[in-house]
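Everything below concerns the one structure shown next.
Order of appearance sets the numbers: ligands from 1, and atoms from 1 within every ligand. All heavy atoms count here, side chains included; hydrogens, waters and symmetry mates do not. Quick note: residue numbers are just sequence positions, from 1.
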Amino acid sequence: MPLRVCFTSAEMTPFAKAGGLADVSGALVKYLRADGHDVRPFMPAYASMRRDGVEIQPVDFLQHLSLQLGAHRYEFSVSTARLQDSDDYVYLIDCPACYRRESIYTADPDEYRRFLVLTHAAFLCCQHMGFAPQIMHFNDWHTAVGAALLRSTYAWDQLFRGTRSVVTVHNIGYQGIVGAAAAAEILPGGPVSMLDPADLAAGRINLLRTGLAQADLITTVSPTYAREIQTAAYGMGLEGLLHARAPALVGILNGVDYDEWDPRRDRYLSQHYGADRLDVKAGLQLEFLQRLGLRNAPRTALIGIVSRLVAQKGFDLLFDALPPLLQARDFNLVALGTGEPRYEDFLRGLQQRFPQRVHFHRGYSDELAHWIEAASDMFLMPSHYEPCGLNQMYSLRYGTVPIVRRTGGLADSVQHFDPATGRGTGIVFDHYDTPGVTWAIDTALDLFRDGSAWWRLVQNGMGQDFSWSRQVRRYVEVYDALLQP
Ligand code: ADP
Ligand code: GLC
């Protein structure tokens, strides 16, 4: 049976992306629709969003709507956005007071209100459209509180009588913590009992916690992360609640949109390849090394990194690991990312010290991200924690061996290679320390020298299938289960 789903997310490809949340939201909407469901996706009309090749059409009956949050009044209008060659559309919430800013996320004091507006706008649009969603699917702290709004502010409306809420945790490291004085803005007319008493006593409200406590179903983006977030080591203070809600918590591994991430048709590459044309991959590497001005020595591995440069991603381990490895071993390194200055400074410093072997591009570039996947021999993700991670799955398809720490979705998508059996798809290390990551990189470089083992490892990875068409069925199953009387 086709389902009616209202979907809200702070990021969605191809319109606005800071990280994997965008890839996953965009793909989930696309593949749910391909499966026949009526999905209404809502996201902000950021000033910085992609506009080239995008058709934006105002929705005539959704103009100049208003919303009161405590003492603040917001006006917004709604448009649809679609790529010129596609039928897939999203609803853009155009609220200039909230979204006419330089970037998707800000450190401004009203950051939480920017996303409260998005969350309410989804409810208000459903009302104006007469759309009775069976599922309201909220993502991360930005819109999680929608699960509480469904049971309070909007509970009077018969339209939502049969609606069930799903909150997906993409990253528990971001919870949306605001001062307790904001209570009336957060749950207008809603009971204070929905707010965590211990948080209130400490003078704060946790938006993610509030949503998780009320959600009919909580999903997260890998089975291992679903277990990890119930522990003190990974739960970031929400482990107690998540453990208590374990029967309503499920981990569904993210998928890959192979329309976007496949070397056989990647729109950014000058040539295409599959598992039987690794000579093309070698040619792309040569072209890329020349473009970056890196040294091209025969049989020298290229290690790639594409990442937000934040503590989660484990780059602290590289401070002590990479300089000696670069001295002792023969490999090149290319890194793309932005984030905390200490990681940017470190990578910039490595480039200065090893100018022909290390290239750091500070910034965000889809084109470079695709080239790094295609041209590299190995892809490094030493994450401290990783709810799912997408680049390791992209890497597998590109014949680029992932070097990952055994955590979250990395543990669920990469199996350590055993040369004795020829089984496994990457290099996996357990201990979050310098010897751990050094061992992993050393092991990868040793295997790389052994042509036939490396070939097997690359082939194993390229044969993996993490396609969304399969993963989306898991979402439909859990939606269906929620709707059982
Ligand atoms: P996270 O969501 O924690 O950042 P994921 O691995 O799930 O991690 O997704 C990251 C996504 O963002 C990938 O599609 C990756 O290619 C992309 N990405 C991250 N940093 C950059 C960058 N600097 N330039 C281009 N793409 C980037
Ligand atoms: C988050 C996580 C990442 C995950 C992505 C999409 O930002 O850090 O591991 O893949 O969301 O779910």
Among all protein non-hydrogen atoms, which one is nearest to [atom], and what is the separation to 0.1 Å?
atom                    : answer
atom 8 (O) of ligand 2  : Q312 NE2, 2.9 Å
atom 26 (N) of ligand 1 : Y364 CE1, 3.4 Å
atom 1 (C) of ligand 2  : H170 O, 3.1 Å
atom 9 (O) of ligand 2  : E386 OE2, 2.5 Å
atom 11 (C) of ligand 1 : G20 N, 3.7 Å
atom 18 (N) of ligand 1 : V306 CG1, 3.9 Å
atom 25 (C) of ligand 1 : S365 O, 3.3 Å

Under 3.5 Å side-chain donor-acceptor pair for E102 and S48: no
Does either side chain, that of Q312 or that of N171, offer a donor lying less than 3.5 Å from an acceptor on the other one? yes
Using a 4.0 Å cutoff against the non-hydrogen atoms of [X], which atoms of ligand 1 qualify?
X    : value
G19  : 2 (O), 4 (O), 11 (C), 12 (O)
G337 : 23 (N)
Y394 : 14 (O)
R308 : 1 (P), 3 (O), 4 (O), 20 (N)
D23  : 14 (O)

Students often mix this up, so state it plainly: with edges at 30° and 60°, are the rings of [X] and [Y] parallel, tilted or perpendicular?
X    : Y    : answer
Y432 : H384 : tilted
F115 : Y99  : tilted
Y398 : Y273 : perpendicular
F315 : Y343 : perpendicular
F319 : F346 : perpendicular

Polar-atom distance check: [X] versus ligand 1, any N or O pair below 3.5 Å?
X    : answer
L336 : no
K313 : yes
A18  : no
D366 : no

Can you check whether C388 has an N/O within less than 3.5 Å of an N/O in ligand 2? yes
Candidates H272, R397, H370, Q271 - the one meeting side-chain hydrogen bond (donor to acceptor under 3.5 Å, both in side chains) with D266: H370
Evaluating non-hydrogen atoms only, which member of N391, L390, I305 is closest to atom 13 (C) of ligand 1? N391
I want to confirm something. Looking only at heavy atoms, which of T168, N254, V221 is nearest to atom 6 (C) of ligand 2? N254
How does D23 reach ligand 2, if at all, at less than 4.0 Å between non-hydrogen atoms: by side chain, backbone, both, or neither? neither
Taking heavy atoms and a distance under 4.0 Å, where does N171 meet ligand 2: side chain, backbone, both or neither? side chain
For [X], I'd like to know if atom [atom1] has over 12 heavy atoms of other residues, nucleotides or ligands within 6.0 Å.
X    : atom1 : answer
E367 : CD    : yes
D87  : CG    : no
R423 : CZ    : no

Logged contact type for C388 with ligand 1, heavy-atom cut-off 4.0 Å, is neither
For ligand 1, the portion of S307 having any non-hydrogen atom under 4.0 Å away: backbone
Under 4.0 Å from a heavy atom of V24: give me the atoms of ligand 2 that qualify, with their elements. 6 (C), 12 (O)
Heavy-atom contact under 4.0 Å between G389 and ligand 2? yes
Flag the pair F288 / I372 as yes when at least one side-chain heavy-atom distance between them is below 4.5 Å, and no otherwise. yes
Should the pair R33 and Y89 be classed as cation-pi, given the thresholds of under 6.0 Å to the six-membered ring centre and 45° from the axis? yes
Point-to-point distance, once rounded to the nearest 0.5 Å, from CD of E373 to CG of L284: 13.0 Å
Salt bridge D108-R114, side-chain N to carboxylate O under 4.0 Å: no
Pair D377 + K281: basic N to acidic O under 4.0 Å: no
Assess G363 for proximity to ligand 1: is some non-hydrogen atom of it under 4.0 Å away? yes
Within less than 4.0 angstrom of ligand 1, does K17 place any heavy atom? yes
